[in-house]
Amino acid sequence: MRKLLLKSLVQGPLTEPAPPASEAALAELAARVSQVSRQRLGRSLSIREVDAGSCNGCELEIHALNNVLYDLERFGLRFVASPRHADVLLVTGPVTANMREALERTYQATPDPKWVVAVGDCARDGGVFSGSYACVGGVSAVLPVDLHIPGCPPSPTALLRGLLALLESVSVRGRRISPASR
Ligand code: SF4
C-alpha cells in the first residue's frame with residue numbers, strides 16, 4: 001500500500017493530455033451557424049434536447065456546448081426548456097419503450113417548422129443497445145429524422161457541423177430543401 005501511495009505521488013495522475021483547442025476555428029463555425037440560422041429562420045436557433053434512453057455520454061458532449069470554452073449562447077444558439085419554444089429537437093440514445101410516448105408528445109408539442117436531429121450511433125439504429133427488449137430502435141423508428149450526427153459520442157465540433165449542415169439545407173421560409181432541388 002505504501003509503495004502504491006509513493007508511486008502515485010511521484011507519477012501524478014495518468015490522464016491523456018487534452019487535444020489542442022482551435023478557438024478560432026470553433027468561433028468561425030459557431031458564428032456561421034448563427035448567421036445561417038438568422039438568414040434562413042429569421043431568428044436565432046432554439047434547441048430542445050431529448051434523452052430518449054442514452055448512456056449520457058452524448059449528453060456530456062452536448063452540455064459541453066454551453067461551457068466556458070464553447071459558450072454557444074453568445075452566437076445565438078440556445079437550449080430551451082420547452083419544446084414549444086424549439087426549432088430543433090436534438091435526440092440522443094436508442095428510443096426506449098418507456099420514452100417512446102414522451103418523445104412522440106415532445107414532437108407534437110414543437111411548432112412548425114421543426115427539425116429532428118438524431119445524435120450519436122445509438123440514435124441511428126439503437127447502437128450498442130440494439131436488440132434489447134427495452135428499446136424500440138433508433139429515433140427514425142418513432143419520428144421523421146432530418147439529420148443524423150454520427151459518433152459515440154460525437155464531439156461538440158461535430159455537433160456544430162451537423163447543425164450547420166441542417167440549416168444550410170433549409171430554405172428561407174424554413175422548409176427543407178431536398179438534395180435534388182439544391
Ligand atoms: S452513442 Fe455512445 S455515447 Fe451516445 S448514447 Fe450511445 S453509447 Fe452512449
Side-chain angles (χ1 to χ4, degrees), residues 13-23 25-26 29-30 32-33 37 45-73 75 77-83 85-110 114-170 176 179:
L14 291 175
T15 52
E16 289 178 23
S22 171
E23 285 193 38
L26 174 70
L29 184 58
R32 179 89 185 117
V33 174
S37 65
L45 194 70
S46 299
I47 303 165
R48 169 68 181 156
E49 202 270 334
V50 184
D51 178 348
S54 90
C55 74
N56 279 351
C58 286
E59 272 66 33
L60 289 174
E61 300 301 316
I62 292 171
H63 290 173
L65 291 171
N66 285 322
N67 71 19
V68 288
L69 177 65
Y70 295 98
D71 190 17
L72 280 197
E73 204 147 317
F75 298 108
L77 288 113
R78 62 177 64 91
F79 286 85
V80 291
S82 167
H85 304 150
D87 304 303
V88 172
L89 293 181
L90 212 55
V91 188
T92 62
V95 181
T96 59
N98 284 349
M99 277 299 291
R100 179 184 194 140
E101 186 185 341
L103 183 59
E104 286 169 341
R105 289 172 70 171
T106 302
Y107 181 77
Q108 285 156 13
T110 310
K114 59 190 166 193
W115 297 276
V116 176
V117 178
V119 173
D121 291 349
C122 294
R124 180 179 52 212
D125 56 9
V128 291
F129 303 103
S130 181
S132 162
Y133 69 92
C135 298
V136 296
V139 179
S140 61
V142 180
L143 300 181
V145 171
D146 297 287
L147 182 83
H148 172 240
I149 302 176
C152 181
S155 65
T157 310
L159 292 168
L160 268 181
R161 286 209 184 93
L163 288 173
L164 182 57
L166 176 79
L167 287 167
E168 286 180 336
S169 73
V170 165
R176 192 90 204 273

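In what follows, residues are counted from 1 in the order of the sequence shown. Counting starts at 1 for both ligands and their atoms, following the listed order.
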Residue, atom and distance of the protein heavy atom nearest atom 4 (Fe) of ligand 1 read C58 SG, 2.3 Å
Measure the distance from atom 1 (S) of ligand 1 to every protein heavy atom, then report the residue, atom name and distance (to 0.1 Å) of the closest one.
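Residue, atom and distance for the closest contact: D121 N, 3.4 Å.
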So does F79 get a backbone contact from the side chain of R48, meaning a donor-acceptor N/O pair under 3.5 Å?
no
Whether the side chain of N67 engages the backbone of Y70 through a donor-acceptor N/O pair (distance < 3.5 Å, no angle test) should be reported.
yes
Which ligand 1 atoms are under 4.0 Å away from a heavy-atom of [X]?
| X | result |
| --- | --- |
| G57 | 3 (S) |
| G151 | 1 (S) |
| S54 | 5 (S) |
| C122 | 1 (S), 5 (S), 6 (Fe), 7 (S) |

Any N, O or S atom of C152 closer than 2.8 Å to atom 4 (Fe) of ligand 1
no
Quick check: closest heavy atoms across A52 and V91, and the distance to 0.1 Å?
CB-CG1, 4.0 Å
D146 and K114: which non-hydrogen atoms are nearest, and at how many Å?
OD2-O, 4.2 Å
Go through the steps to decide whether E59 and D51 satisfy the test side-chain contact (heavy atoms from CB on, under 4.5 Å), and finish with yes or no.
CA-CA 8 Å; E59 272 66 33; D51 178 348; 3.5 Å; yes
Taking the side chain as C-beta and beyond, is there a heavy-atom pair between L72 and L160 under 4.5 Å?
yes
From atom 2 (Fe) of ligand 1 out to just under 2.8 Å, does an N/O/S atom of C55 turn up?
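Within the cut-off used here (under 2.8 Å), C55 places no N, O or S atom near atom 2 (Fe) of ligand 1.
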